[in-house]
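Contents: one structure, followed by commentary.
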There are 2 protein chains.
Amino acid sequence: MADQRDAADPGKPRVRGLRERKKQRTRNALLRVALELFTTQGYERTTVDEIADAVDVSQRTFFRYFSSKEEVAFTVVSMAEARFLDAVRARPADEGPLTALRNAVILAWDSVGEAIEAVVPMELHMRTYRMIESTPALLAVHLRRSTEVEDALAAVVAEREGLDVDEDPRPRIAVAAFGGVMRLTGRMWGQREDASLPAIRELTVHCLDQLGPALAGNWRRPDGDHGGTTGSGSGVPDRGQSPPHLP
Amino acid sequence: MADQRDAADPGKPRVRGLRERKKQRTRNALLRVALELFTTQGYERTTVDEIADAVDVSQRTFFRYFSSKEEVAFTVVSMAEARFLDAVRARPADEGPLTALRNAVILAWDSVGEAIEAVVPMELHMRTYRMIESTPALLAVHLRRSTEVEDALAAVVAEREGLDVDEDPRPRIAVAAFGGVMRLTGRMWGQREDASLPAIRELTVHCLDQLGPALAGNWRRPDGDHGGTTGSGSGVPDRGQSPPHLP
DNA sequence: AGATTAGTGTCAGTGGCTGACACTTGACGA
DNA sequence: TCGTCAAGTGTCAGCCACTGACACTAATCT
């Protein structure tokens, strides 16, 4: 989104005026205080007035920095999402869709880690993530935001494969399945003790590796492996006809 | 949820008192008026006062029937979800997970249709669904509700297969992938002209049938048709190793 | 008919969020 | 250096979703 450096910019004086710095400081203070309060008292039990008072600005000012109470909760998550999207776009064109997604998500964790740490301590972000997952109102928004990412993702995948997103449903379907697994991963991450970067990566890989098997026929035989899961009309009623006994 | 008939109850006098009937009438009036206003003026531009006034009750009364403005928008959707869950539970035990889900969703549409029509005209419900999909605040809630359904679904699937939902991730993953496709289907339905029951069924089947292929290796070959879509490790990257060149 | 109680209206108050307007304080040219 | 300009902020008034408390009306029960 907003890039730090300007066109004519030598060394690294990212200061660009007192005004700018003050703004940055206020914004960051609001962000940290908000997340701190959210994660300790709970999201609903924290009022915007409280956050504003703690930073010693008016409520009105809070809303000039963040368009809503929700937005501040997702500030850091947004950054991570943007990084991931970039990572997918950077994948070599010869990788298949799911391979590219998979590799991107694995690699992105590092870059994401840095970016986060530059704004809030990693530990605070993890607490925030857990809070989002366990607060219904925020979880709802989180899921909607995720589908927006998935939309962008589908567009990228479609272009890589030379398809039209609105013609061929496969990009969207693949991304939807992938997204489902990623959300599940996120949830498991939130419940875990070990939230280190390697652990996250491993968990991600583990879950993604089971996407294929999970969709294969029956699971009772350890590795029964039937040809077509749903595609080939093996155990499936043909063409949506012949509904077995009505209820 | 609330069942209509009592223990000792002959013919079909579902009246059980004037009070009860009045309540039912008020609730239904609030529901219809709300959906009508939402779909014509938009959700955000409709105030609870407006709804209450139109039914000639106080705002306070509205909130005694519906715990929030959102809830009234999802009343009918809830019913449909409940029907679908029942349909899955009713599937014979010998069907595989995805087959059962697929057959259930196909069959459920009929039963769902009746149930809806008993409360609001089908046409109003369809407009409502479109509104939910196109109103960010409602879409968010819709997605969260969907994941709750998916959770219940995962539990059912796990039990059918004799697995523990918290041990084996496959039920959740399969349901997540399925859910992703269903959400996509819902979205496509909302955008379509033809919203008839057969059309919905066909669309559903079509999308579900592509879940397997979409996850299979590469799509550039028109019908590479790998025997085991994803089950056989054909197009799927091998075991999560070898992340290509680091950034 | 009278006692009971479910259902409702009224009122006052909280919290998220917005528009309008006046004031303070960095930025910048003369 | 000083005044001008405008960005950033505080204050105030107000809308809307939602809630608790309490009094009142009317269906139900005895």
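In what follows, every chain begins at residue 1, and chains take the letters A, B, ... in the order their sequences are listed.
- Annotation: the span from B:S146 atom OG to A:L143 atom CG amounts to 8.5 Å, rounded to 0.5 Å.
- Taking 3.5 Å as the limit, the base of C:dA27 and the side chain of A:R19 contain no donor-acceptor pair of atoms between them.
- Regarding contacts with the backbone of D:dG8, a side-chain N or O of A:K23 is found under 4.0 angstrom from either OP1 or OP2.
- The distance from atom OG1 of A:T204 to atom CZ of A:R201, rounded to the nearest 0.5 Å, is 8.5 Å.
- Comparing A:K22 and B:V57 by the nucleotide of DNA chain C whose heavy atom lies nearest to each, the residue mapping closer to the 5' end is B:V57.
- Ring geometry for A:H142 versus A:F74: interplanar angle under 30°, hence parallel rather than tilted (30 to 60°).
- Put simply, CD on A:E50 is 9 Å from P on C:dG15, counting in whole angstrom units.
- OP1 or OP2 of D:dT9 has not a single side-chain nitrogen or oxygen of A:T61 nearer than 4.0 Å.
- If you find the closest nucleotide of DNA chain C to A:Y43 and to B:D56, the one lying nearer the 5' end belongs to B:D56.
- Whole-Å rounding puts the B:Q24 CD to C:dG7 P distance at 12 Å.
- We find the CD-CE distance between A:E133 and A:M131 to be 10.5 Å, quoted to the nearest 0.5 Å.
- If you measure from atom CG of B:L30 to atom C1' of C:dG9, you get 14 Å, rounded to the nearest angstrom.
- Inspection of the B:S78 and B:R145 side chains reveals an N or O donor paired with an N or O acceptor under 3.5 Å.
- For the 3.5 Å distance criterion, the side chains of A:E71 and A:S67 qualify, holding a donor opposite an acceptor.
- Rounded to whole angstrom, the span from the CZ atom of B:R27 across to the P atom of C:dG7 amounts to 13 Å.
- Look at CZ on B:R45: it is 13 Å from P on D:dA17, rounded to the nearest Å.
- Straight-line distance from the CG atom of A:D53 to the C1' atom of C:dG15: 14 Å, rounded to whole Å.
- C:dG7 atom P lies 14 Å from atom CZ of B:R25, rounded to whole Å.
- B:S58 has no side-chain polar atom (N or O) that falls below the 4.0 Å cut-off from OP1 or OP2 of C:dT10.
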Dump every N/O contact between nucleotides 2-5 of chain D and the protein below 3.5 Å, one line per pair.
none

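- Taking 4.0 angstrom as the limit, A:Y65 places a side-chain polar atom (N or O) nearer than this to OP1 or OP2 of D:dT9.
- For the atom pair B:L208 CG and B:I106 CD1, the distance stands at 7.5 Å (nearest 0.5 Å).
- Heavy atoms from other residues, nucleotides or ligands lying under 6.0 Å from CD of B:E117 number more than 12.
- Residue B:R64 has its side chain nearest to C:dG9 when only D:dA27, D:dC16, C:dG9 are considered.
- Taking atom CG of residue B:L37 and atom P of nucleotide D:dC16, one finds them 14 Å apart after rounding to whole Å.
- In this structure, A:K69 is positioned above the aromatic face of A:Y43, its NZ or CZ under 6.0 Å from the six-membered ring centre and within 45° of the axis.
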Restricting both atoms to N or O, compile the protein contacts to nucleotides 17-19 of chain C shorter than 3.5 Å, with distance only.
unit_1 : atom_1 : unit_2 : atom_2 : d
C:dC17 : OP2    : A:K69  : N      : 2.7
C:dG19 : N7     : A:R60  : NE     : 3.4
C:dG19 : N7     : A:R60  : NH2    : 2.9
C:dG19 : O6     : A:R60  : NE     : 2.9

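- Under the 6.0 Å cut-off for aromatic ring centres, B:F84 and B:W109 do not qualify, their centroids lying 6.0 Å or more apart.
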